[in-house]
Amino acid sequence: MADVTTENHQSVQSGSSLGGTPRPSTVATASSPRHQVPGQATVVRPVRAEPSWGRVLLTTVELWVSRRLNRVRLRPSRPRTARRRRLQKLALAVVAAAAVALAALQLTAAFSRVAPQAVRPSVPKHPAAHRVSSPPVPAAQSEAAAWIASQVNGAAIIGCYPAMCVSLQTQGVSASRLVPLGSTVAGVRRADVIATLSSADRKLVDRYAPALIASFGWGSSRVEIRAVAPGGAASYQSALRADLNARKSAGSQLLRNPRIRFSVADARQLRAGEVDSRLLATLAALSSQFALRVMAFGNSSPGAPLLFRKVSVASYGGGNGAARLAAALATIKAQEGPYLPAHSAIVRLGTGQPVLLIEFAAPSPLGLLAAVLTADVR
């Protein structure tokens, strides 16, 4: 093969192309720094992408072949045999060089396809801007956590699955009140109330937490809030039937009390045993001192059997009604144990009438009316 090292050792002048036509340089290199003319703005020119080494090799071969052919044409006439041998050698060199260049191009293309997989991802300058966001919290879980924080007894121990425990702490529930629920009965029996998904182990839930007090959502993502029954499901159902009968009886006695007035709808709910036993006992105690009118019972337990834990009452009869309500509120706030409401306050309706709001926390205890039913309700 012909030697191309000495014949092709030609430097390309800056500002000229391989074809010989002058053109301005577009890339400023480290070996030839750009000099700025005083008084003129610096022109930033785009940097061209460097060609692959395979393309450079092919271009070199093309130049060498072109020059060799020119030399053959320009030399004096030689014997036909010597000239034929010279052309044959040149043709073989061209074929070999073309093969090398083609292989180089194919190899370069192969590397260009594989290279992106080997590039290491760049580390962002500001990691906080590229932080992966947490998955959104399901709406049912958020609603259930907010309900527990505002409606469940503040002293109750709550069993929860991991994601719900996090949501409860976000709502301000102390971690000391939370018990993680596992696959065994240990976590359930340590809690007073549990928050679980409807897809959880139904056998375990139905046996130890049969009392549904609220629910949110639907399907497998439905969140259920349940009261734990220490004695098991059978004992709970027996106590529930007894408590329902006691609520019906206490409601009927209140309807016969002349110092407290009810609407037709309220009277129907009292007879059906749909009013919390603590509300019944509180109304009975207040009616012994004040003349009151029940404005409405309230239900704060969505997705659960109806049981009213909230009531709004107004003063009834002549005299200073606001003063009577203030005295009634003081009496309520002096209570202890299960008869101290979670929320109690005097508010004014849109008409300006003052009313006393009373709301007890969930869950509703069973068996509280046994002593109340024997009391003399005046």
Side-chain angles (χ1 to χ4, degrees), residues 150-156 242-301 306-378:
S150 63
Q151 295 292 321
V152 172
N153 191 323
D243 194 74
L244 176 60
N245 291 331
R247 295 199 304 268
K248 290 179 178 179
S249 178
S252 298
Q253 290 188 30
L254 279 177
L255 290 174
R256 295 193 295 268
N257 187 332
R259 297 178 61 85
I260 187 167
R261 301 290 182 90
F262 300 95
S263 67
V264 174
D266 296 334
R268 183 169 57 252
Q269 293 160 354
L270 286 168
R271 294 190 183 97
E274 295 174 347
V275 180
D276 184 280
S277 57
R278 295 165 295 181
L279 270 186
L280 295 172
T282 299
L283 290 175
L286 290 177
S287 66
S288 66
Q289 304 177 52
F290 313 101
L292 303 172
R293 178 190 296 276
V294 171
M295 306 298 291
F297 290 113
N299 177 30
S300 302
S301 299
L306 191 62
L307 185 60
F308 297 103
R309 296 182 288 106
K310 181 167 61 176
V311 68
S312 58
V313 298
S315 177
Y316 174 69
N320 190 342
R324 283 199 295 269
L325 288 181
L329 177 61
T331 300
I332 290 172
K333 289 185 176 296
Q335 301 303 307
E336 296 180 354
Y339 298 106
L340 178 63
H343 307 286
S344 58
I346 296 176
V347 299
R348 290 189 178 274
L349 301 179
T351 59
Q353 181 183 8
V355 295
L356 173 61
L357 295 180
I358 306 170
E359 183 177 16
F360 285 92
S364 298
L366 303 179
L368 291 180
L369 290 176
V372 176
L373 291 177
T374 60
D376 182 18
V377 181
R378 296 180 176 87

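Numbering of residues begins at 1 and proceeds along the displayed sequence. Below, all heavy atoms of this structure are taken into account, side chains as well, without hydrogens, waters or symmetry copies.
Listed by first and then second residue, the salt bridge (charged side-chain N to carboxylate O under 4.0 Å, His left out) pairs that reach into residues 271-289 are D276-R278, sequence neighbours excluded.
Under the rule for a side chain to side chain donor-acceptor pair (under 3.5 Å), the partners of R324 that lie at least two apart in sequence or sit in another chain are S315. Scanning for side-chain contact (heavy atoms from CB on, under 4.5 Å) contacts around R256 gives S252, Q253, with sequence neighbours left out. V347 pairs by the side-chain contact (heavy atoms from CB on, under 4.5 Å) definition with V355, L357, not counting sequence neighbours. Partners of S263 by side chain to side chain donor-acceptor pair (under 3.5 Å), not counting sequence neighbours, listed by chain and number: D266. A342 is linked by a side-chain contact (heavy atoms from CB on, under 4.5 Å) to A361, counting only residues two or more places apart in sequence or in another chain. Residues forming a side chain to side chain donor-acceptor pair (under 3.5 Å) with Q151 (at least two apart in sequence, or on another chain): R309, E359.
The OG atom of S364 sits 10.5 Å away from the CG atom of N153 when rounded to the nearest 0.5 Å. Considering CG of L356 and CD1 of I346, their distance stands at 6.0 Å, rounded to 0.5 Å. For the atom pair OG (S277) and OH (Y339), the distance works out to 7.0 Å, reported to the nearest 0.5 Å. Atom CG in L368 sits 10.5 Å away from atom CG in L280 (nearest 0.5 Å). In this structure, the separation between CG on L279 and CZ on F360 is 5.5 Å, given to the nearest 0.5 Å. A distance of 10.0 Å separates CG of L254 from OG of S249, quoted to the nearest 0.5 Å.
In terms of heavy atoms, L244 sits closest to A272 at CD1-O, 3.9 Å. When every heavy atom of A314 is checked against every heavy atom of P354, the shortest pair comes out as CB-O, 4.2 Å. Looking at every heavy atom in both residues, L369 comes nearest to A250 through CD1-CB, 4.1 Å. Contact between A284 and S287 at its shortest, heavy atoms only, is O-OG, 2.9 Å. Taking both residues in full, the closest heavy atoms of R247 and V275 are given as CD-O, 3.0 Å, listed atom of the first, atom of the second, then distance.
Counting heavy atoms from C-beta outward, V313 and V311 have side chains that approach closer than 4.5 Å.
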Distance-only donor-acceptor hits, side chain of residues 328-335, under 3.5 Å, sequence neighbours excluded:
{"from": "T331", "atom 1": "OG1", "to": "A327", "atom 2": "O", "distance (Å)": "3.0"}
{"from": "K333", "atom 1": "NZ", "to": "S344", "atom 2": "OG", "distance (Å)": "3.3"}
{"from": "Q335", "atom 1": "NE2", "to": "T331", "atom 2": "O", "distance (Å)": "3.0"}

What side-chain donor-acceptor pairs closer than 3.5 Å can you find for residues 290-299, not counting sequence neighbours?
{"from": "N299", "atom 1": "OD1", "to": "S301", "atom 2": "N", "distance (Å)": "3.2"}

